[in-house]
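Structure record follows, encoded as structure tokens.
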Amino acid sequence: MTAPAPDSGQSIQLRAEATAVGIDARRGLVRIAPSVLAALGARPYCVVRLTGAKTTGALVAQSGDDQDPGAIRVDDLILGNLGVAPGTL
């Protein structure tokens, strides 16, 4: 799955990681590592385009420093919109 920043034209390939039910569930929100957010030139809560088997958009938020920078945390709604399963690149 790739996550390009809105205006930068950059994209980064990330592995989909399902989030547990919680505050982010079913809100169209994804979380990425702070270093990835900076590499994309994106700000927290801006819209990013995600591409898997299908393309969708989501709000991006910064995760904790403990998150794997090669992963993007997504909920079941976004996984379905992308047409991918957890663990998919």
Side-chain angles (χ1 to χ4, degrees):
M1 159 184 341
T2 58
D7 298 323
S8 73
Q10 295 183 22
S11 66
I12 296 175
Q13 188 166 358
L14 301 169
R15 183 183 69 261
E17 187 177 274
T19 58
V21 175
I23 196 164
D24 293 346
R26 305 195 63 81
R27 296 181 184 262
L29 184 72
V30 299
R31 291 196 180 264
I32 58 177
S35 60
V36 177
L37 192 65
L40 288 171
R43 295 183 320 249
Y45 301 101
C46 70
V47 177
V48 292
R49 184 179 64 223
L50 303 171
T51 305
K54 300 183 270 183
T55 300
T56 192
L59 294 176
V60 66
Q62 180 173 310
S63 67
D65 292 330
D66 62 332
Q67 182 174 335
D68 174 6
I72 182 170
R73 292 184 181 157
V74 298
D75 63 17
D76 61 330
L77 178 67
I78 293 175
L79 283 171
N81 288 347
L82 287 168
V84 299
T88 304
L89 284 176

Answer yes or no: is there a side-chain heavy-atom contact under 4.5 Å between Arg73 and Thr19?
-> yes
Which pairs would a plain distance check flag for residues 31-40, meaning a side-chain donor or acceptor within less than 3.5 Å of a matching protein atom at least two apart in sequence or in another chain?
| unit_1 | atom_1 | unit_2 | atom_2 | d |
| --- | --- | --- | --- | --- |
| Arg31 | NE | Asp24 | OD2 | 2.5 |
| Arg31 | NH1 | Gln62 | O | 2.8 |
| Arg31 | NH2 | Asp24 | OD1 | 3.3 |

Distance-minimising heavy-atom pair for Gly52 and Leu82 = N-CD2, 3.7 Å
Could you give the distance from CD1 (Ile23) to CG (Leu29), rounded to the nearest 0.5 Å?
-> 9.5 Å
Can you check whether Leu50 reaches Ile78 side chain to side chain, under 4.5 Å on heavy atoms?
-> yes
Heavy-atom nearest pair, Ala16 first then Val74, reads CB-CG2, 4.4 Å
Steps toward side-chain contact (heavy atoms from CB on, under 4.5 Å) verdict (Lys54, Val84) = CA-CA 8 Å; Lys54 300 183 270 183; Val84 299; over 6 Å; no
So do the side chains of Leu77 and Arg27 get within less than 4.5 Å of each other, counting heavy atoms only?
-> no
Hey, are the side chains of Ile72 and Glu17 touching, using non-hydrogen atoms and a 4.5 Å cut-off?
-> no
Min side-chain heavy-atom separation Pro86-Leu79 under 4.5 Å = yes
Evaluate side-chain contact (heavy atoms from CB on, under 4.5 Å) for Leu59 paired with Cys46, printing each intermediate quantity in order.
-> CA-CA 5 Å; Leu59 294 176; Cys46 70; over 6 Å; no
